[in-house]
Structures are given as C-alpha cells and as structure tokens.
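One structure is given here, and the rest of the page talks about it.
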Number of protein chains: 2
Amino acid sequence: MPERKSKSARVTLVDVARKSGFSPSTVSIVLSEAPLSRYVAAQTKERIRKTAQSLGYRPDVFARSLRSRHSHTVGVLVFDISDPYCVLILQGIEKTLLPTPYLPILMDAHHDQKQFEGYLDLLMERRVEGLIVVANWLFDEGGLLVGLKEKKMPIVVVGRDVTEKQIGSVTVDNEAGGYEAMKHLYELGHRKIAVIRGPAKLNDSQLRWNGMQRFAAEQGLQFDPRRVRQLSDALDPVSGFEGGVQLTEELIRSRLKFTALVAFDDLTALGAVRGLARMGRTAPQDCSIIGFDDVPLAALTTPGLTTIRQPMDEMGSLATQRVLDVLQEVGEAREVTPDLQLLPPSLVLRDSTSSPS
Amino acid sequence: MPERKSKSARVTLVDVARKSGFSPSTVSIVLSEAPLSRYVAAQTKERIRKTAQSLGYRPDVFARSLRSRHSHTVGVLVFDISDPYCVLILQGIEKTLLPTPYLPILMDAHHDQKQFEGYLDLLMERRVEGLIVVANWLFDEGGLLVGLKEKKMPIVVVGRDVTEKQIGSVTVDNEAGGYEAMKHLYELGHRKIAVIRGPAKLNDSQLRWNGMQRFAAEQGLQFDPRRVRQLSDALDPVSGFEGGVQLTEELIRSRLKFTALVAFDDLTALGAVRGLARMGRTAPQDCSIIGFDDVPLAALTTPGLTTIRQPMDEMGSLATQRVLDVLQEVGEAREVTPDLQLLPPSLVLRDSTSSPS
DNA sequence: ACGAAATATTCAATCGTTTTAATACGATTG
DNA sequence: CAATCGTATTAAAACGATTGAATATTTCGT
C-alpha cells in the first residue's frame, strides 16, 4: 500500500499545498514571505510552514529564479586568489554576504585578461545581480566594466581606484599609509631612508610616495634620489619579491648608507629582507624595513614584519555593503554612487624596525 | 516604427525560432547539441546558429536547469580559504573545471563546523551535481558527507583520508614524506634530530612520523623521545606557528642538543625559526629546519624554507577529475570509487637546512 | 444597513527552456 | 507494393515556482 505517490523523491510546492489544504499560491506566498503574506492568517502560515517542514520541502532555486527573475547571487571576480592580499578581502565579502540571501560566486582570473573577460561573461550568463571586483595588481579595463554598468548592474571595485571610469571604488588611503610609514621610521630616529617604490603603472605607487614626501617635507627632510628605486611594471605576482631582492642588493652595492627602507608592499619587504641577508646583513640590526598591506604571512616571518596595514576585511565588507544597498533599493536608481571610499591604514609594529644602532 | 517587438531586452529561444523560421524545438536541439541534433540538416544548423549569433541569444540558465535537471555546477567546500595550503588545491580544481561546462561554487567554512553544515546545505539547495571537499585540518564529520553520498552525489575529499567512511579521497603520501624529510637531514650529516609532530587527532601526524621512524630504523638510528614533541589539538589555524615557537623554545631550554628539526608542516617550521631566533640562534647555522607542504610563503621567508612538497595543484586536479568522471558517466553507477589516491611528495631544497657545523 | 476598505485565499498565466512522442517523407527492403 | 527504416522537424507537455488579477469574506464608518 503505497501511501505517498511514489513518483519522485522531489517534494514540490504542490505537494505542500495538497497536504496542507491550501492552494499553491498561498503556500508560495507564505514560504517566500512575499508582500502579500501580510494578509495571510497567522494560523494558516503556521500550518503551511509546519507541513513544509514535515515534508522536508526545499524550494527549487531554478524554478524560483526563472519566474522571479532573481538569481540571488553576486559575482566576485578576483585577480589572483593565490595573492594573500585578496584572501582577506574575500573573507570580508563573504562575511557580509552570509546573513543575506545572496550567494557569492567566486571566479579567479589568474592574472589573465582573457580569463577575466571569460569569467565576466560566465557571471553574466549566470545572471548575477551585482559584481564585486577585487583588483590588486595592474588592470586597466575599466572598459569592460563600464559596459556592464550601463546594464544597470551594481559594481564595486575594491583595491583600486577606478572612479575616473565612474565606477564605485573602495581602497585604503595609500597617501596616509605612505605618510605613516615615513613617520614611524623618522620617529625611531632614521634619517637616511631608502625607498623601493611600486610599479609606475600602479596608481598606488604614486600615492604612497606622495604621502612619504609630504611627511619628509614637513620635517624638512630631503630624499636622496639615489636611494629611491622603483619596481618594474611586470605583472607577475611574485615580481614584488624578486624586485625587492634585487633592488635591495643594488642599493647596498651602491655604497650609499641607509639605515631604513620603505618597501612598496609586504612582498617587496620580504624581498628586501632576503636581499639584505644575501649581502650579509640582517633586519632590523643593520637596516629597518617596513612593508605595506599586512598580509597574513607578515606575522609569520622572522623577523616579524612591521607594516602599514590595509583593513582588507573591512574593505571587502564595505564594498559588499555598497552593492547590497543598491540591490535592496526597490526603486529605479539602482546604481552604486561612483565615488571612492577611502579606509584608513594603520601601523602594525613587529620586529623588522628598530632605532638605528 | 518599432521594428522589433519592444517588449523586453531579453532574447529568447522563441525569438531565434521566429527569426530563423524553425520551431523552438529544433532551435533548442541545435543550440544545446542534444543527441537529436544528429538528425538536423547541416544547413539548418548553420542558419539557426547564425541567427542566434546575430540576435545575441544567450540561453537562460535557470530555465535550462529547471527543465533539464542539470545545474552544471559542482560545489567546492574548503575549510579555510586563508590557509595557503588550500589555495593551490583550489587552483588545481579550477584549472580542471575550466574546460568543462561545470562551474565551481566555492564556499569557505572558516574552520567552523556550523558554517560547514550550513554551506553544505546551501550547495544542496543550489543543486550542485558533485562535491569536492578540501579538508586540511581537523574535521571528523565523514557523517555529513555519507548522507550525501547516499543521495548519489559524487564526492571526493582532498587533503584527508576518509576512505573508512567509504568516501573517495586524495592525499599526499605522508609516510613517504616523513621518510624523505629524515633522509634529507641524515644525508646532510645530522644525527641528533628533533621532531615536532602534528596534533594527535590528525591522521597525517602519525603517518609522517611512521615514515620518519621507518627511515631511522633502516639506519639503526634511535629517536630520543625527549627530542620529540607534539602540537596540541587546537584547531586554530595559526596554532601550528605558535606551537612551533613554543615547542622549539622548550626544546632549546631542555638543554638537549640537536642539530636539526623536522617540523610537522611549514607553519610549524616558521614557528621553529622564530623560536630559534628568540633563543638567539639562527637557521640553518645553529639548527637545520625542514617543513612540510611547500606553501607559497615557504619561498619568501629568509632563510627560504627547505620542505617536503605536496603536489597540491595535482591533488586538486585529480580530485576534480574523479568527480568529473562520475558525472560524465551516463550509466547508473554514479559513484566515486571510495578509495584513497596517494600522490608522491618531493623534497624542495632551500636554505633552512645545511650540514651541521 | 450600504458601500468601501481591509483581510484572506485562489485562479490561471507565465518565466524560457528541454524532451517525449508524433508527424512527414523519401528511400530501402523483402 | 506494403512494410520498414532513417532522416528531418515539430507540437505540446512538462519543469516548479511566482504573481497580477480576481474572488470571497470580514470589518467598519456613517
């Protein structure tokens, strides 16, 4: 005696409707908490929910999305997931999305323009309702995104300022970070300070440099241009490290004295530590080193890396919140305000800096 | 004069059908390359494809999935995306999935059992067709997965052996890795070798230790149990580092001589480097240190970390391939063979090991 | 006690595909 | 020559939800 219709394992809305004695419409309205559910009797709601529960009903996302035109997903496009810089941002994004009905769909472009475009396409095909782009390194295709923006899709870029393309952006205050880095070294007593600037193409490089110069100017300090080097524009993810090693070796070979070094980012700083070691010196005894970012591994090296922290977690959160805000608007504005939101950096003291001996 | 029906921006199958002069059925068959497309005239195919192209038609994934019962997604559940160990595996997974029609949906459980379950649920709701679990650290819930397995969903776990729960697994050959680590130190001339074993709960710990003992036995070497320590079972992701620091300090304070140290993994090894430094010693001059995993940052520290490499990329690839193989089967077997696939580790030489002075 | 407004529920159409079974037709075969 | 077969195409029924309009029923102000 087959009590249940032994057709299929799948429990549908209709099953719930039948068993609870209400129409599919009502069941749908109750279970999806549609506006109309205001009018459904409390008792009814309860009965429906209970039978849904007892049957183990799970709505079919595809049917739901097809009809309602909502995918309840947002795309997250990251330039290189193996870059530790990205990961903390991702966690911020995920954390913020968790309590919402939106699911992140994460794609990793592997530093590859082609893949970036491909995945962008894929995300569109999957009907994501919003897009968060995590761009750490070079990437000059506001173009692609502008196209989407016109399709009324909320977009935010984190880690890079693309407001000139009218796209909402979230970054750390790089200028302030550069300022803080210099200030820290200066206060320790350093005066002869070397700098390894970031790649010229990267906007951050200039901003951080500006900050350093501002502090120097305030103190009447002069940068000897021979103590200032610059990473090449290679977009290889570890080029920061390699560059750090080489430029540091060069600096030492040049016989110019310096008691401290500001590295463009943590990877470069680690490269500098290595370069120092290759020339028989150690940080911070022979030279203090300060990085930028505070990637997780900065705490794990020896010496621990003093660095300017980007609040990556919050950057991710904030970016996500901006997208969510737009999605929650029922109106027709539906666009992220195309401005830049700057988050303050902070100094993280570890062991790679100390007073000059 | 509105030439096109200005109803909506969306181009549907019906639009293509109308414009090409064929029925929706034919169009669907052609564009989705269904089996029946064998019978469709080449000319027809071409015409349909051309008009689809010209209209910029993109099939609606939701409608498609609803009808065909295929989500074309596989779930990837990772225990902590901020663990660099996971990331390379993820890249392997992604690389393998890229040329297939399957999209990975990545969820990060943040070392949290509850979230793991929640996300598992979410993935089921999204109707993933397969599941890859990346489990680096403690996780004893074969149970959850077994439930799914019974629902005919192909599952593979990478990074942990859960074959006892009849779930296909992919790991590195930990025993061989332990053996190699010891062999390397022995060949450098070390005889007094300290060991920091992994947490007792973690199966890997025992296996690596077995490998070390096997080598020792072959050489008639004895481990002084006082030189063997063990990490606690804390499931904090950085506990490896902290543990490494502390246990190394303890080892040194115990005044037992040792010229080399085998760390459970790279994080522990970095902890050991730090512990050494705290006690005024440096690697490898005062003590050689070897790690396990070869996480990306192992190459970035100073000294560069000699380590036993897990082929994480390939592990991810292999796991993915196993799931894909099952998905491609049309038959009714549809289960990943519940066996363990071991991949060989390899020694990566860097600067943290050298002959004893 | 009448009509309007608020509450409670349902009908039926619809979202955009895939798929099964059916149709149509010329060629092959026994 | 009828029966069968292979090729080429299509009609129509799903898939499982949401939703706008419609239908009852109750409440309420006057």
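Each chain gets a letter, A, B and so on, in the order the sequences are listed, and its residues count up from 1. Only a predicted model underlies this, so the values are computations on that prediction, with no experimental measurement involved.
For A:Ser71, the side chain to side chain donor-acceptor pair (under 3.5 Å) test picks out A:Thr73, with sequence neighbours left out. B:Tyr57 is linked by a ring pair (Phe, Tyr, Trp, His ring centres under 6.0 Å) to nothing, counting only residues two or more places apart in sequence or in another chain. Taking the ring pair (Phe, Tyr, Trp, His ring centres under 6.0 Å) definition, one finds that B:His110 meets it with nothing, sequence neighbours left out. For A:Thr163, the side chain to side chain donor-acceptor pair (under 3.5 Å) partners at least two apart in sequence or on another chain are A:Asp161. Under the rule for a ring pair (Phe, Tyr, Trp, His ring centres under 6.0 Å), B:Tyr119 has no partner lying at least two apart in sequence or in another chain.
Considering only the side chain of B:Tyr57, C:dT17 comes nearest among D:dG16, C:dT17, D:dA17. For B:Ala63, whose side chain is taken as the heavy atoms from C-beta onward, the closest listed nucleotide among D:dT9, C:dC11, C:dT17 is C:dT17.
Applying the 3.5 Å distance criterion, the base of C:dT17 shares no donor-acceptor pair with the side chain of B:Arg67.
Within residues 24-41 of chain B, the residues approaching DNA chain C are B:Ser25, B:Ser28, B:Ile29, B:Ser32, B:Leu36, by heavy-atom distance under 4.0 Å.
Rounded to whole angstrom, the span from the CZ atom of B:Arg69 across to the P atom of C:dT18 amounts to 14 Å. As a whole-Å value, the separation of A:Arg64 CZ from C:dT17 P is 21 Å. With rounding to whole Å, A:Leu13 atom CG is found 14 Å from D:dC15 atom P. Regarding A:Phe62, its CZ atom lies at a distance of 12 Å from the C1' atom of D:dC15, rounded to whole Å. If you take CZ of A:Arg47 and C1' of C:dT9, they are 13 Å apart, rounded to a whole angstrom. Computed from coordinates, the A:Arg127 CZ to C:dT17 C1' distance equals 12 Å when rounded to whole Å. If you take CD1 of B:Ile48 and C1' of D:dT10, they are 11 Å apart, rounded to a whole angstrom. Between B:Lys45 atom NZ and D:dA8 atom P the separation is 9 Å, expressed in whole Å.
Residue A:Ser68 places none of its side-chain N or O atoms closer than 4.0 Å to OP1 or OP2 of D:dT19. Residue B:Thr12 has no polar side-chain atom (N or O) positioned under 4.0 Å from OP1 or OP2 of C:dG16.
A heavy-atom distance below 4.5 Å is found between the side chains of A:Leu90 and A:Leu106.
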Less than 3.5 Å apart, which donor and acceptor atoms pair up between the side chains of residues 39-49 of chain B and the rest of the protein, not counting sequence neighbours?
residue: B:Lys45; atom: NZ; partner: B:Ser37; partner atom: O; Å: 3.2
residue: B:Glu46; atom: OE2; partner: B:Lys50; partner atom: NZ; Å: 3.3

Contacts table for residues 313-321 of chain A: side-chain donor-acceptor under 3.5 angstrom, sequence neighbours left out:
residue: A:Asp313; atom: OD2; partner: A:Lys95; partner atom: NZ; Å: 2.9
residue: A:Ser317; atom: OG; partner: A:Thr96; partner atom: OG1; Å: 2.9
residue: A:Thr320; atom: OG1; partner: A:Gly316; partner atom: O; Å: 2.6
residue: A:Gln321; atom: NE2; partner: A:Asp325; partner atom: OD1; Å: 3.2

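B:Ser65 comes within 4.0 angstrom of no nucleic acid atom, judged by non-hydrogen atoms across all strands.
Of the charged side-chain nitrogens involved, at least one lies within less than 4.0 Å of a carboxylate oxygen, so that B:Asp60 and A:Arg69 count as a salt-bridged pair.
Remark on the helix from C:dA1-D:dT30 to C:dG30-D:dC1: inter-end axis angle 40°, axes from five-pair C1' superpositions, rounded to 10°.
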